[in-house]
Structures are given as C-alpha cells and as structure tokens.
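See structure below.
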Amino acid sequence: MIELAPSILSADFARLAEEVLAALEGGGTLLHVDVMDGHFVPNITIGPPVVKSLRQVTEVPLDCHLMIENPDEFIPAFAEAGADWISVHQEACVHLNRTLQHIRDHGCKAGVVINPATPVQTLGEVLDMVDYVLVMSVNPGFGGQKFIPGAAEKIRKLATMRTAKGLNYRIEVDGGIGLETVGEVVRAGAEILVAGNAVFGHGQPRKHAQELLKAAKEAAFVKV
C-alpha cells in the first residue's frame, strides 16, 4: 500500500490548517512533522504545541520525526500532544532499543531513521521491534534538497532484509521526493512517501498531492 505523508516543513505556517487539509484532500493519509533542535541538525523547527494544534484539525496519524538529541526526554510530550507515530535517529540514540520501547510504552508506533551515510546493517538488532524504517534521502535539516540516489539501494536492502527475517515493518523515505524521483523509490520498495516541497512549495497542495500520489501508484505496478 502506497501512502503519501505531506511534510508540513514546507507548508505556509500562516495558513497551516488550510494547507494541511488541502494536502489531505489530495490523497495524503498521514502528516509528517519534522522536529529539529538546532543541535542534531542545523535548524530549529517546531515542538509539541504545533502537534497539539494539528491534532485539533485532523484525525489522520501524525508522524513525528525527531531530529533531536536526547529524544527520550521529549517522547512523552509528543505522545501527549497527539503524535501517533514517533521516529528517532539511529545516530542520535545511545540506547536505541530502550528508546524504541519508550515510544511503544507511550502508545505510539515506533520508527527508526537512518541518515544517508548510515548503513542499513546498523539496524539489524532492532528491525524486529519497529513498525517502520525511515530512509533519509537527503541530509536532514532543511527542506527542498536534492534526492541522494544511493537511498534507493538502501530501500531495496531493507525490503530484502524484511523478507529474509519474516518481519512486517514498513519502509518510509524522506528527502527530495517529487515527480522525478518518486518512481525510483517506489520501485525500490518504499511504501510511505514523505513530500514537503513537492506538495506545498508551489501552491495548490491538493493538486500537487494528487499528482504525486498518482505517479507513485503507477510506478508500483512496474516495480522490479
């Protein structure tokens, strides 16, 4: 099942509710919330209050991607604000197993994220306890970056590992996803597509979400 997760990082925050609802009308089935602390990544974005506000205008799952140091300290606040999915970076967690269990203990789906330079093999010991794996196809910190082609091979490896281990985690991809790249990642095995600039960056988020999801579903029929 291919799903589109519009990333609010590229939305107009002065009209956030309006833009989010338009993207969901265009076919988005969850919302991706990029949380940055200015330490783990070179940017600062949003926190639990925005998640709480989003929860008041939509019932779709809120997919909170924590690009922060010490994520364990903030997981309870995001869960309380209304997050449904919470993902943390392998690179930011000293005790990744414990952190993922912490997410589950707060009633959320648990995801693990890897940066472009991080091999998928580093996740071998936690794949049996995650609901999804998020592959970064740009270096995290800013929207509107170009897709890093090596991400497609990482997606293929994760799909192969899933089959070999008999697991059922989903594969999500984030970074540079647009009409030019969506076919490649879908054919590689990505199922959840995070898109910010492609949906919100040029106005008409409903229209752009529809076009991107249509291209993704068409690519799924020719997956190799």
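In this chain, numbering begins with 1 at the start of the sequence shown.
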Next on the checklist: If you define the side chain from C-beta out and look only at heavy atoms, does anything of Glu69 sit under 4.5 Å from Asp37?
Outcome noted: yes
Next on the checklist: Any carboxylate oxygen within less than 4.0 angstrom of a Lys/Arg side-chain nitrogen, looking at Asp128 and Arg162?
Outcome noted: no
Item to check | Intermediate values then yes/no, side chain to side chain contact (heavy atoms under 4.5 Å, CB included), Glu172 and Glu191 | outcome: CA-CA 6 Å; Glu172 183 174 25; Glu191 302 150 321; over 6 Å; no
Checklist entry - Are the side chain of Glu91 and the backbone N or O of Asn115 linked by a donor-acceptor pair below 3.5 Å? => result yes
Item to check | Main-chain N/O of Ile192 paired with Tyr132 side-chain donor or acceptor, under 3.5 Å | outcome: no
Checklist entry - Any salt bridge between Glu3 and Arg170, counting N to O under 4.0 Å? => result yes
Next on the checklist: Would Val20 and Leu16 count as a side chain to side chain contact (heavy atoms under 4.5 Å, CB included) here? Give the steps.
Outcome noted: CA-CA 6 Å; Val20 158; Leu16 185 57; 3.9 Å; yes
Checklist entry - Does the Thr58 side chain pair with the main chain of Leu54, one donor and one acceptor, at a distance under 3.5 Å? => result no
Next on the checklist: Tell me whether Arg104 is salt-bridged to Asp131, with the criterion being a basic N under 4.0 Å from an acidic carboxylate O.
Outcome noted: yes
Item to check | Linked, directly or transitively: Ile68 and Ile46 (ILVMFWY side chains, under 4.5 Å) | outcome: yes
Checklist entry - Just checking, any donor-acceptor pair under 3.5 angstrom between side chains of Asp105 and Gln101? => result yes
Next on the checklist: Do His65 and Asp63 pair up side chain to side chain, a donor and an acceptor below 3.5 Å, judged on atom types alone?
Outcome noted: no
Checklist entry - Roughly how far apart are Ser7 OG and Leu193 CG, rounded to 0.5 Å? => result 12.5 Å
Checklist outcome for this item: All heavy atoms of Ala220 vs all of Ile2, minimum pair found to be CB-CG1, 4.2 Å
Next on the checklist: Tell me whether Lys217 is salt-bridged to Glu211, with the criterion being a basic N under 4.0 Å from an acidic carboxylate O.
Outcome noted: no
Checklist entry - Any chance CD of Glu80 has more than 12 other-residue heavy atoms, nucleotides or ligands included, within less than 6.0 Å? => result no
Checklist entry - Minimum heavy-atom separation for Phe200 to Pro205, with atom names? => result CD2-CB, 3.8 Å
Checklist outcome for this item: Separation between CE (Met129) and CD1 (Ile103), nearest 0.5 Å, reads 9.0 Å
Checklist entry - Any link between Leu167 and Leu96 through a network of hydrophobic side chains (Ile, Leu, Val, Met, Phe, Trp, Tyr) touching at under 4.5 Å? => result yes
Item to check | Pairwise distance CD(Glu184) to CD(Glu153) - rounded to 0.5 angstrom | outcome: 10.5 Å
Checklist entry - What are the two closest heavy atoms between Ala117 and Pro119, and how far apart are they? => result O-CD, 3.6 Å
Next on the checklist: One pair to check against side-chain hydrogen bond (donor to acceptor under 3.5 Å, both in side chains): Asn97 and His95. What are the steps and the verdict?
Outcome noted: CA-CA 6 Å; Asn97 183 293; His95 303 291; over 6 Å; no
Item to check | Same apolar cluster (I L V M F W Y, side chains within < 4.5 Å links), Leu9/Val135 | outcome: no
Next on the checklist: For the CD atom on Glu59, are there more than 12 heavy atoms of other groups (residues, nucleotides or ligands in this structure) within a distance under 6.0 Å?
Outcome noted: no
Checklist entry - Would Ser10 and Val199 satisfy side chain to side chain contact (heavy atoms under 4.5 Å, CB included), going step by step from the backbone distance to the final call? => result CA-CA 8 Å; Ser10 298; Val199 172; over 6 Å; no
Checklist entry - Hey, is the main chain of Leu134 close enough, under 3.5 Å, to the side chain of Asp174 for a donor-acceptor pair? => result no
Checklist entry - Is the side chain of Lys154 donor-acceptor paired with the backbone N or O of Thr118 at a distance under 3.5 Å, no angle test? => result yes
Checklist entry - Does the pair Phe78 and Val33 meet the rule for a side chain to side chain contact (heavy atoms under 4.5 Å, CB included), with working shown? => result CA-CA 11 Å; Phe78 280 98; Val33 182; 5.8 Å; no
Item to check | Side chain to side chain, Pro76 and His102, heavy atoms closer than 4.5 Å | outcome: yes
Checklist entry - When rounded to the nearest 0.5 angstrom, what is the spacing between NE2 in His89 and CE in Met136? => result 5.5 Å
Item to check | Common cluster, Val57/Leu24, ILVMFWY with side-chain heavy-atom separation under 4.5 Å | outcome: no
Checklist outcome for this item: Looking only at heavy atoms, the pair that brings Ala92 and Phe40 closest together is CB-CE1, 3.8 Å
Checklist entry - Taking Gln145 for the side chain and Asn139 for the main chain, is one N or O donor matched with an acceptor at less than 3.5 Å? => result yes
Next on the checklist: With a 3.5 Å distance limit and no angle check, can you tell me whether Gln90 reaches the backbone of Val113 through a side-chain donor-acceptor pair?
Outcome noted: no
Next on the checklist: For Val133, run the side-chain contact (heavy atoms from CB on, under 4.5 Å) check against Val120, Ile155, Val126, Val112 and tell me which one passes.
Outcome noted: Val112
Checklist entry - Do you see a donor-acceptor pair shorter than 3.5 Å between the side chains of Thr99 and Asp72? => result yes
Checklist entry - Atom CG of Leu31 and atom CG of Leu4: how far apart are they, to the nearest 0.5 Å? => result 9.5 Å
Item to check | Under 3.5 Å: donor-acceptor pair, side chain of Arg206, backbone of Gly26 | outcome: no
Checklist entry - What closest approach, in Å, do Tyr169 and Val130 show between heavy atoms, and which atom pair accounts for it? => result CB-O, 3.7 Å
Checklist entry - Between the side chain of Ser87 and the main-chain N/O of Gly111, is any donor-acceptor distance below 3.5 Å? => result no
Item to check | Spacing of Ser137 atom OG and Lys146 atom NZ [to the nearest 0.5 Å] | outcome: 14.5 Å
Item to check | Closest heavy-atom pair and its distance - Cys93, Pro71 | outcome: SG-CG, 3.8 Å
Item to check | Donor-acceptor contact present, side-chain Thr163 to main-chain Ala159, <3.5 Å | outcome: yes
Checklist entry - Ile8, Ile86: one ILVMFWY side-chain cluster at the under-4.5 Å cut-off? => result yes
